[in-house]
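First the structure, in the form of structure tokens, and then the observations on it.
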Amino acid sequence: FLSGNYWTANLLAEDYEAQPGEDLQCSRAYVGPRFFEAFGMPILSGRAFGQADERPVGATNWMSRSAVVNQALARRYFGNADPLGRRLYFTHRPEAPVEIVGIVADARYRSLRTAAPPTIYLPFSRAGADSTFALRTSGDVQVTTSSLAALARELNPTVRVRDVRTMTDVVNASVQQ
């Protein structure tokens, strides 16, 4: 999560009245199955993403309408009210709202030294071609990395596996900033 790769977008909740000049920027992360489990981020309410949130085989213009948000985003737009079932939309695409299906605990995103920003998580099937993957393993990191890189090349020779780091390396780099 502290990889330095992050996206932001201006986000609004239905029925939310933004103040003039209010900063609506939120972090946005496209995540795959079991992401929250892999990072030890508990789902506090609702659910994580499941099969119903994934792109059906053969679908071309399909887009999931589900979102998981962190506590910081829930507080920003809903205060103490229950955000489950409420809808959010990106200001550049108000015609494509997403429904909040889960609330996840806040997690440091850019640095261990700054508070968790309001963050919206969307199913990976909404993402583009460039992706970052995380894997939780108890085995030898070098062996696992080599095996995964070989498998990726076997499945798709155009896929590049690069910038592989352990979470310890990522955390240490964040603390040294």
Side-chain angles (χ1 to χ4, degrees), residues 1-56 59-134 136 167 170-171 173-175 177:
F1 226 29
L2 298 169
S3 68
N5 296 330
Y6 60 91
W7 297 276
T8 60
N10 289 335
L11 190 67
L12 275 172
E14 283 186 338
D15 302 324
Y16 180 82
E17 297 261 347
Q19 300 300 310
E22 182 178 351
D23 182 8
L24 301 174
Q25 193 171 71
C26 295
S27 291
R28 174 176 57 175
Y30 295 99
V31 302
R34 300 179 62 190
F35 171 86
F36 304 111
E37 179 184 346
F39 277 92
M41 298 168 63
I43 297 290
L44 304 175
S45 182
R47 64 175 179 84
F49 298 120
Q51 283 188 323
D53 305 304
E54 295 178 12
R55 182 189 314 262
T60 54
N61 288 329
W62 182 87
M63 184 180 298
S64 174
R65 299 287 185 200
S66 301
V68 172
V69 300
N70 72 349
Q71 294 167 291
L73 190 141
R75 279 190 305 273
R76 172 189 274 185
Y77 292 114
F78 307 106
N80 293 325
D82 182 5
L84 289 179
R86 302 286 297 272
R87 292 167 23 140
L88 301 165
Y89 62 91
F90 295 102
T91 57
H92 69 281
R93 290 202 62 197
E95 75 283 0
V98 294
E99 180 179 328
I100 299 171
V101 299
I103 312 300
V104 69
D106 286 341
R108 307 287 174 150
Y109 194 60
R110 295 181 192 122
S111 167
L112 291 176
R113 297 172 192 251
T114 60
T119 304
I120 183 170
Y121 300 91
L122 302 164
F124 178 71
S125 60
R126 291 187 65 164
D130 293 335
S131 301
T132 300
F133 291 88
R136 181 179 291 264
M167 187 53 72
V170 171
V171 169
S174 173
V175 172
Q177 292 178 357

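Heavy atoms only: backbone and side chains are in, while hydrogens, waters and symmetry mates are out. Just so it is clear, the structure is predicted and the values come from calculations on it, not from any experiment.
The two atoms that bring P83 and A74 nearest to each other are CG-CB, 3.9 Å, heavy atoms only. Minimum heavy-atom separation, A67 to L122: CB-CD2, 3.9 Å. Considering every non-hydrogen atom in both P94 and T91, the closest pair reads CD-O, 3.5 Å. Nearest heavy atom pair, residue A72 against residue A116, reads CB-O, 3.8 Å. When all heavy atoms are compared, the tightest approach of P97 to R65 is O-CD, 3.3 Å. A48 and V68 get closest at one heavy-atom pair: CA-CG2, 4.5 Å.
Residue pairs meeting the salt bridge (Lys or Arg N to Asp or Glu O under 4.0 Å) criterion with at least one partner in residues 30-46, sequence neighbours excluded, are R34-E37.
With sequence neighbours left out, E22 forms a salt bridge (Lys or Arg N to Asp or Glu O under 4.0 Å) with no residue at all. Remark: E17 engages no residue in a salt bridge (Lys or Arg N to Asp or Glu O under 4.0 Å) (not counting sequence neighbours). Evaluation of the side chain to side chain donor-acceptor pair (under 3.5 Å) rule for E95 yields R93 as partners, not counting sequence neighbours. Residues meeting the salt bridge (Lys or Arg N to Asp or Glu O under 4.0 Å) test with E99, sequence neighbours left out: none. In terms of the side chain to side chain contact (heavy atoms under 4.5 Å, CB included) criterion, residue partners of A13 (sequence neighbours excluded) are, by chain and number, Y16, Y77, F78, L88. For D82, the side chain to side chain contact (heavy atoms under 4.5 Å, CB included) criterion is met by L84, not counting sequence neighbours. With sequence neighbours excluded, the residues satisfying side chain to side chain contact (heavy atoms under 4.5 Å, CB included) with L44 are P42, Q71, A105.
By the 4.5 Å heavy-atom criterion applied to side chains, F49 and Y121 are counted as neighbours. Within the 4.5 Å cutoff, no side-chain heavy atoms of R86 are placed close to those of V69. Put simply, the side chain of M41 does not reach to within 4.5 Å of the side chain of V31, judged on heavy atoms. Residues T119 and L73 fail the side-chain proximity criterion, which asks for heavy atoms closer than 4.5 Å.
Distance CZ/R75 to CG/D106: 5.0 Å, rounded to 0.5 Å. Atom-to-atom distance recorded for R76:CZ and L24:CG is 6.5 Å, nearest 0.5 angstrom.
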List the steps, then state whether side chain to side chain contact (heavy atoms under 4.5 Å, CB included) holds for R47 with D53.
CA-CA 11 Å; R47 64 175 179 84; D53 305 304; 2.7 Å; yes
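Side-chain atoms of N10 do not come within 3.5 Å of backbone N or O of H92 as any donor-acceptor pair.
The aromatic rings of W7 and Y30 lie perpendicular to each other, with more than 60° between the two planes, well past the 30° mark.
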